[in-house]
Trainee: 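Here it is, the structure in full.
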Amino acid sequence: MKRSGTTQLLWACMLWTLGGGGCGAPDAGEDETWGTSRAALTVYEQAALDTANNSASCKPLGNFYWELGNGAGPLHGLSKGSGVTATTVMPIASASKWLYAGAYVQSKGYANLTAAEKKRLNFTSGYLDENTTLCDAAGTTVSACYGPSFKDVTYRLLQNGRFFYNGGHMQKLALDDIPVRRGTGVLSVMDWLNPLLGTTFPESDSDVAVAGGFSGSAAQYRVFLLNLLNNQYALSSKLTVDAVPAWPGGPDVASTPWSGGETYYGLGHWIEGETVNGVWTVTGHSSAGAFGFYPWVNAARTRYMVLARYRQFGDGDGEKSRACAQTLLKAYDTGVVQP
């Protein structure tokens, strides 16, 4: 039997209070280490912990941190293994895309976006990068990252109007909007992004690669997800607009890393769903990174989830984290350990 969000939050608050803190969402700067004392865990929390350690989708992933919350803040978090907590900063790869899209739409206002801007946000513009470099040389600008020494973005007429998962679309958008910004120092990319989103992501040289170069922690990304849930962004109510097919073999899909069945791509994020009785229905929104960082909100925008881990030389680690996170969610919601 599922518990209501209110019951879950009250239980989380009670545990937090017993631990010496006040009731409410922990500060993003605090190092939460929940889910470690078996005596203190509910059956739902224990099911999630056992699933993290033993399930087929989670056991092979190494160390990670997983967190579930609602619009009021975290409900539960757990660390598998050691070394990764809510505040562990790591490269987040394509989880950057959702942040950049959120900041861009916030800066312009959705109603003011042109058709060309929307196509660069849903990856149908025809602007593609030829190199996978993160542009992490010190002093590199957004403009230089776009150019032949780094990303080498080019326009391909035949791909205009087709979905092609590639950072070149967003790099072109940034070239036209914030070309002289650098990864660190005065006029950094984060000096532009953090005030727009109300976040505190750290500066790094690779930030000039706006579609995949950011770094952050689960706690820092949590702030963005909470603001999405609480209608603080222009993007909050636009998570399903301007969506295009994005699954292998879908109409006008040229290139996609997705392997989980029918899906769509909105403004800088995936739109997940499932087919029930022949009808495809949205279940959530996400932006998995190639190194394994996976942020998610449900379709109703009442809950968020983050799975934070870093595997530099993995293969399909964003999809692996998605599968694990969704398995943990099922275990937590049902109180039943998942295989």
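The structure displayed is predicted, hence computed values, not measured ones.
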Trainee: Are Phe164 and Phe123 close enough that their ring centers fall under 6.0 Å?
Mentor: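 No, they do not, as the ring centres are separated by 6.0 Å or more.
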Trainee: Return the CD1 to CZ distance between Ile92 and Phe201, rounded to the nearest 0.5 Å.
Mentor: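 If we round to the nearest 0.5 Å, Ile92:CD1 and Phe201:CZ are 5.5 Å apart.
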Trainee: How far apart are the closest heavy atoms of Ser188 and Gly183, and which atoms are they?
Mentor: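 Ser188 and Gly183 have their closest heavy atoms at CB-O, 3.7 Å.
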Trainee: Using a cut-off of 6.0 Å, state whether more than 12 heavy atoms not belonging to Lys330 lie near its atom NZ.
Mentor: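 Counting neighbours around NZ of Lys330, 12 or fewer heavy atoms of other residues, nucleotides or ligands fall under 6.0 Å, so no.
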Trainee: Mind checking what makes side chain to side chain donor-acceptor pair (under 3.5 Å) contact with Thr327, not counting sequence neighbours?
Mentor: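 Ser57.
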Trainee: Distance-only, no hydrogens or angles: does the Lys320 side chain make a donor-acceptor pair with backbone N or O of Asp315 under 3.5 Å?
Mentor: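 Judged by distance alone, yes, a pair lies under 3.5 Å.
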Trainee: If we ignore hydrogens and angles and just use 3.5 Å, is the side chain of Ser55 paired with the main-chain N or O of Thr51 as donor and acceptor?
Mentor: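 Between the backbone of Thr51 and the side chain of Ser55 there is a qualifying donor-acceptor contact (under 3.5 Å).
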Trainee: Using the side chain to side chain donor-acceptor pair (under 3.5 Å) criterion, which residues pair with Gln312? Sequence neighbours excluded.
Mentor: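 If we apply the side chain to side chain donor-acceptor pair (under 3.5 Å) test to Gln312, skipping adjacent residues, the hits are Tyr310.
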Trainee: For Tyr155 and Asn160, test the side chains for any donor-to-acceptor distance below 3.5 angstrom and give the result as yes or no.
Mentor: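 Yes, a side-chain donor-acceptor pair sits under 3.5 Å.
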Trainee: Measure the shortest side-chain to side-chain distance between Leu329 and Leu68 over non-hydrogen atoms and say whether it is less than 4.5 angstrom.
Mentor: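 With C-beta onward as the side chain, the pair touches.
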Trainee: Apply side chain to side chain contact (heavy atoms under 4.5 Å, CB included) to residues Ser286 and Tyr294 and explain how you reach the verdict.
Mentor: CA-CA 7 Å; Ser286 65; Tyr294 175 75; 3.6 Å; yes
Trainee: Any chain of hydrophobic side-chain contacts (each under 4.5 Å) joining Leu228 to Leu226?
Mentor: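 Hydrophobic grouping puts Leu228 with Leu226.
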Trainee: What distance do Met190 atom CE and Leu197 atom CG have between them, rounded to the nearest 0.5 Å?
Mentor: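 One gets 9.0 Å once the value is rounded to the nearest 0.5 Å.
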Trainee: To the nearest 0.5 Å, tell me how far Phe163 CZ sits from Trp258 CH2.
Mentor: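 Here the rounded value is 10.0 Å.
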Trainee: Ignoring hydrogens and angles, tell me if any N or O in the side chain of His76 forms a donor-acceptor pair with the backbone of Pro74 under 3.5 Å.
Mentor: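 The answer is no, because no donor-acceptor pair under 3.5 Å joins these two groups.
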Trainee: Between Gln220 and Ser217, is there a donor-acceptor pair closer than 3.5 Å when you use the side chain of the first and the backbone of the second?
Mentor: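 Yes, Gln220 side chain to Ser217 backbone: donor-acceptor pair under 3.5 Å.
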Trainee: Can we say Asp317 and Arg309 salt-bridge, meaning some charged N sits less than 4.0 Å from an Asp/Glu carboxylate O?
Mentor: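 Answer for the salt bridge query: yes.
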Trainee: Side chains of Arg162 and Thr124: any donor to acceptor distance under 3.5 Å?
Mentor: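 The answer is no; no qualifying pair exists.
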Trainee: I'd like to know whether Phe291 forms a side chain to side chain contact (heavy atoms under 4.5 Å, CB included) with Arg311, so could you lay out the CA-CA distance, the side-chain angles of the two residues, the decisive distance to 0.1 Å, and finally the verdict.
Mentor: CA-CA 5 Å; Phe291 302 142; Arg311 186 175 182 185; 5.7 Å; no
Trainee: Kindly say whether Asp129 contributes a backbone atom to a donor-acceptor pair with the side chain of Asn166 at under 3.5 angstrom?
Mentor: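 Checked: pair present.
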Trainee: Calculate, to the nearest 0.5 Å, the distance between atoms SG and CZ belonging to Cys135 and Arg182 respectively.
Mentor: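 Result: 13.0 Å between the selected atoms.
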Trainee: For the backbone of Thr133 and the side chain of Lys151, can you confirm whether one donor and one acceptor N or O come within less than 3.5 Å of each other?
Mentor: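 The answer is yes, because a donor-acceptor pair under 3.5 Å joins these two groups.
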Trainee: Step through it carefully: locate the ring centre of Trp296, locate the ring centre of Tyr221, and say whether they are under 6.0 Å apart.
Mentor: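 So the answer is no for these two rings.
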Trainee: So, does Thr140 use its side chain to make a donor-acceptor pair with the main chain of Ala137 at under 3.5 Å?
Mentor: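 Present.
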Trainee: Does either side chain, that of Thr302 or that of Asn70, offer a donor lying less than 3.5 Å from an acceptor on the other one?
Mentor: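 Checked: Thr302/Asn70 side chains show no N/O donor-acceptor pair below 3.5 Å.
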Trainee: Does Arg181 reach the side chain of Thr141, with side-chain heavy atoms less than 4.5 Å apart?
Mentor: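 Counting from C-beta outward, Arg181 and Thr141 never come under 4.5 Å.
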Trainee: Using a 4.5 Å cut-off on heavy atoms from C-beta on, say whether the side chain of Trp192 contacts that of Asp177.
Mentor: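 Yes - at least one pair of side-chain heavy atoms lies under 4.5 Å apart.
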Trainee: So, does Thr263 use its side chain to make a donor-acceptor pair with the main chain of Ile271 at under 3.5 Å?
Mentor: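 Answer holds: yes.
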Trainee: Indicate whether any N or O donor in one side chain lies under 3.5 Å from an N or O acceptor in the other, for Thr154 and Glu130.
Mentor: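 Result is yes, a qualifying pair exists.
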Trainee: After noting the C-alpha distance and the side-chain angles of Tyr44 and Thr334, does the key distance pass the side-chain hydrogen bond (donor to acceptor under 3.5 Å, both in side chains) rule?
Mentor: CA-CA 7 Å; Tyr44 304 95; Thr334 61; over 6 Å; no
Trainee: Can Thr256 and Tyr265 be counted as having a side-chain donor-acceptor contact under 3.5 angstrom?
Mentor: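 Side-chain D/A pair, Thr256 to Tyr265: absent.
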Trainee: With no hydrogens and no angle check, do the side chains of His169 and Ser125 hold a donor and an acceptor under 3.5 Å apart?
Mentor: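 Short answer, yes.
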Trainee: For the backbone of Ala144 and the side chain of Ser149, can you confirm whether one donor and one acceptor N or O come within less than 3.5 Å of each other?
Mentor: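 Judged by distance alone, no pair lies under 3.5 Å.
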Trainee: Let me check something: do Leu49 and Val337 share a hydrophobic cluster, defined by ILVMFWY side-chain heavy atoms less than 4.5 Å apart, either directly or through other members?
Mentor: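 Shared cluster, no.
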Trainee: Any side-chain heavy atom of Tyr264 sitting closer than 4.5 Å to one from Trp280?
Mentor: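 They are in contact (side-chain heavy atoms under 4.5 Å apart), so the answer is yes.
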Trainee: Are Tyr100 and Tyr146 co-members of a hydrophobic cluster defined by side-chain heavy atoms under 4.5 Å apart?
Mentor: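 No, Tyr146 and Tyr100 fall in different hydrophobic clusters.
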Trainee: Is the backbone N or O of Thr42 less than 3.5 Å from a side-chain atom of Glu45, with the two atoms forming a donor-acceptor pair by type?
Mentor: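 Yes.
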Trainee: Knowing that exactly one of Trp98, Phe224, Tyr304 qualifies, which makes a side chain to side chain contact (heavy atoms under 4.5 Å, CB included) with Pro295?
Mentor: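 Result: among Trp98, Phe224, Tyr304, Trp98 is the only option passing the side chain to side chain contact (heavy atoms under 4.5 Å, CB included) with Pro295.
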Trainee: How many angstroms lie between CG in Leu128 and CG in Asp152, if you round to the nearest 0.5 Å?
Mentor: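 Reported value, rounded in 0.5 Å steps: 11.0 Å.
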Trainee: Is it true that Val153 and Leu134 fall in one hydrophobic cluster, defined by side-chain heavy atoms closer than 4.5 Å?
Mentor: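 As far as the 4.5 Å side-chain criterion goes, Leu134 and Val153 are not connected within one cluster.
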Trainee: Answer yes or no: does atom CG of Asn112 have more than 12 heavy-atom neighbours from other residues, nucleotides or ligands under 6.0 Å?
Mentor: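 Count over threshold, so yes.
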Trainee: Under the side chain to side chain contact (heavy atoms under 4.5 Å, CB included) criterion, do Leu99 and Phe214 qualify, and how do the steps go?
Mentor: CA-CA 9 Å; Leu99 299 175; Phe214 300 167; 4.0 Å; yes
Trainee: With no hydrogens and no angle check, do the side chains of Gln46 and Tyr332 hold a donor and an acceptor under 3.5 Å apart?
Mentor: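 Absent: no donor and acceptor within the cut-off.
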Trainee: Measure the shortest side-chain to side-chain distance between Glu203 and Asp191 over non-hydrogen atoms and say whether it is less than 4.5 angstrom.
Mentor: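 Yes - at least one pair of side-chain heavy atoms lies under 4.5 Å apart.
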Trainee: Going by side chain to side chain contact (heavy atoms under 4.5 Å, CB included), Arg120 matches just one of Lys172, Met170, Gln171. Which one?
Mentor: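 Only one option passes, and that is Lys172.
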Trainee: Can a donor-acceptor pair be found between the side chains of Thr283 and Glu274 at a distance below 3.5 Å?
Mentor: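 Short answer, no.
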Trainee: When you compare the side chain of Ser79 with that of Val84, does any pair of heavy atoms fall below 4.5 Å?
Mentor: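 No. Closest side-chain heavy atoms not under 4.5 Å.
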Trainee: Donor-acceptor pairs are to be reported for all side-chain atoms of residues 237-253 against protein atoms at under 3.5 Å, with residues two or more places apart or in another chain.
Mentor:
{"from": "Asp242", "atom 1": "OD2", "to": "Tyr110", "atom 2": "OH", "distance (Å)": "2.7"}

Trainee: Any ion pair linking Arg322 and Glu319 (charged N to carboxylate O, less than 4.0 Å)?
Mentor: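 The answer is yes: the pair qualifies as a salt bridge.
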Trainee: What I'd like to find out is whether the side chain of Leu229 reaches to under 4.5 Å of the side chain of Arg303, using heavy atoms alone.
Mentor: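 Not touching, per the 4.5 Å side-chain cut-off.
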Trainee: For side-chain hydrogen bond (donor to acceptor under 3.5 Å, both in side chains), just list the numbers for Tyr65 and Glu67, CA-CA rounded to whole Å, side-chain angles, deciding distance to a tenth of an Å, and then say yes or no.
Mentor: CA-CA 7 Å; Tyr65 173 79; Glu67 180 177 300; 2.6 Å; yes
Trainee: When you look at Tyr104 and Glu117, which way does the side chain to side chain contact (heavy atoms under 4.5 Å, CB included) test go after all the steps?
Mentor: CA-CA 10 Å; Tyr104 190 86; Glu117 289 172 312; 2.4 Å; yes
Trainee: Measuring from atom SG of Cys58 to atom CG of Leu307, what distance do you get when rounded to the nearest 0.5 angstrom?
Mentor: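 Separation between the atoms: 7.0 Å.
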Trainee: Could you tell me if the side chain of Val306 sits less than 4.5 Å from the side chain of Phe293, heavy atoms only?
Mentor: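 Contact flag for Phe293/Val306 side chains = yes.
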Trainee: For Arg301 and Asn230, which I'm curious about, is there any donor-acceptor pair between the side chains at under 3.5 Å?
Mentor: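 No, Asn230 and Arg301 have no side-chain donor paired with an acceptor closer than 3.5 Å.
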